[in-house]
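Here is the structure we will look at.
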Amino acid sequence: NNLLMVLTGYIGLAKRKAVDKSLCDTLSEAEEVCSRARDLTRRLSEISKNESPVRHLFSLRSVITGVAQMMASGATVDFVLDMEEDISIVANRTQVGQVLLNLVINAVQAMPRGGTVTISAKYISIAAESEIPLQQGCYVVVSVRDEGVGIPKSLLPKVFESRFSTKPHGSGLGLTIASSIVRAHGGYIMAESEENAGSVFSFYLPYKLSPTTTGQALV
């Protein structure tokens with residue numbers, strides 16, 4: 001984070017000396033990237049401390065739509081959204097957005113030649129005898145489906161492990177971070193895949209209000 005602060009300072013100095021408008025715009029974009037990197041550093045720090053996330057009521061639909069619109073810009077894939085009309089949840093909006101973004105990035109990277117990413121979200125009731133390892137109750141399940149090369153069954157149990165990646169130049173951190181955030185919310189994340197038939201990553205989050213809830217406004 002200290003290095004990012006120094007880098008941001010040098011970019012600011014360069015902007016003050018730059019005359020060309022296109023150069024200034026490029027430097028401004030670099031500043032924005034540094035800002036996002038600082039935010040990511042902060043979130044990683046929060047996760048590493050295993051602190052319970054601050055939660056509030058927000059529209060999950062708006063988060064999904066925002067991520068899809070951002071990733072669709074300049075992408076070679078199409079996005080299909082399949083959501084209930086009014087779906088909201090009590091959770092940490094920033095962290096849930098990070099989970100979704102990581103899964104969508106993973107889906108896009110699985111289809112270098114293009115394809116369709118389908119994001120779905122719905123309410124679901126988990127019964128006591130369910131195979132999903134969660135307590136009985138109401139949840140929201142979000143799924144990200146791709147049409148990529150798929151993942152061998154032998155590797156599926158490892159996809160959320162730290163530093164593990166099926167991609168030649170992947171760091172393996174994206175899915176690990178997603179898994180950590182979901183677990184901190186008392187939820188569950190899973191992957192289903194077949195080689196040459198695509199993958200589906202789904203995460204479940206409790207729907208009912210929590211004692212740690214702060215604020216009730218939909219945002």
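Along the sequence shown, residues carry numbers from 1. Every value quoted in this text rests on a predicted model; they were computed, and no experiment measured them. Side chains are part of it too, since the values below use all heavy atoms of this structure and drop only hydrogens, waters and symmetry mates.
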Heavy-atom pair of closest approach, residues [X] and [Y]:
| X | Y | value |
| --- | --- | --- |
| Q98 | I177 | CG-CG2, 4.5 Å |
| V54 | N92 | O-ND2, 3.0 Å |
| A91 | V96 | CB-CG2, 3.8 Å |
| S88 | L57 | OG-CD1, 4.0 Å |
| A107 | V117 | CB-CG2, 4.0 Å |
| G186 | P206 | O-CG, 3.6 Å |

Margin query: Just to verify, what does A72 make a side chain to side chain contact (heavy atoms under 4.5 Å, CB included) with, not counting sequence neighbours?
Written below: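 Partners of A72 under the side chain to side chain contact (heavy atoms under 4.5 Å, CB included) test: F79.
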
Item checked: Listed partners of L7 passing side chain to side chain contact (heavy atoms under 4.5 Å, CB included), at least two apart ->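 L7: side chain to side chain contact (heavy atoms under 4.5 Å, CB included) contacts with I11, C34.
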
Beyond-backbone contact of [X] with [Y], side-chain heavy atoms, under 4.5 angstrom:
| X | Y | result |
| --- | --- | --- |
| H185 | L205 | yes |
| S193 | L156 | yes |
| Y207 | Y139 | no |

Checklist line | V141 with M83, same ILVMFWY side-chain cluster at under 4.5 Å | finding: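 Shared cluster, no.
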
Item checked: Single-linkage hydrophobic cluster, 4.5 Å side-chain cutoff, F203 and I151 together ->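 Yes, because F203 and I151 connect within a single hydrophobic cluster, where side-chain heavy atoms sit under 4.5 Å apart.
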
Kindly compute the distance separating [atom1] ([X]) from [atom2] ([Y]), expressed to the nearest 0.5 Å.
| X | Y | atom1 | atom2 | result |
| --- | --- | --- | --- | --- |
| I132 | I126 | CD1 | CD1 | 4.0 Å |
| L103 | R145 | CG | CZ | 13.5 Å |
| E31 | S28 | CD | OG | 5.5 Å |

Check: Are any of the side-chain nitrogens in E194 or K153 under 4.0 Å away from the carboxylate oxygens of its partner?
Finding: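 Salt bridge: no.
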
Item checked: Pair R61, T65: side-chain N/O donor-acceptor within cut-off below 3.5 Å ->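 Note: R61 and T65 side chains miss the donor-acceptor criterion.
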
Note to self: Let's go through V80 and I119 carefully: what are the C-alpha distance in whole Å and the side-chain angles of both, what is the deciding distance for side-chain contact (heavy atoms from CB on, under 4.5 Å) to 0.1 Å, and is it a yes or a no?
What the structure shows: CA-CA 6 Å; V80 173; I119 306 175; over 6 Å; no

Next item on the list: Name all pairs fulfilling the side-chain hydrogen bond (donor to acceptor under 3.5 Å, both in side chains) condition that reach into residues 110-131, sequence neighbours left out, sorted by first residue then second.
Entry: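 Sorted result for residues 110-131: empty, none.
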
Note to self: Check the orientation of F160 and F201. Use parallel for under 30°, tilted for 30 to 60°, and perpendicular for over 60°.
What the structure shows: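 Judged by the thresholds at 30° and 60°, the geometry between F160 and F201 is perpendicular.
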
Note to self: If you apply the rule side-chain contact (heavy atoms from CB on, under 4.5 Å), what do you find for R93 with S62, and how did you get there?
What the structure shows: CA-CA 10 Å; R93 179 188 176 105; S62 68; 3.5 Å; yes

Next item on the list: From the options I105, V144, L101, select the one residue that forms a side-chain contact (heavy atoms from CB on, under 4.5 Å) with V67.
Entry: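 For V67, the side-chain contact (heavy atoms from CB on, under 4.5 Å) test succeeds with only one of I105, V144, L101, which is L101.
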
Checklist line | Donor-acceptor contact present, side-chain S179 to main-chain L175, <3.5 Å | finding: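 No, because the side chain of S179 does not come within donor-acceptor range (under 3.5 Å) of the backbone of L175.
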
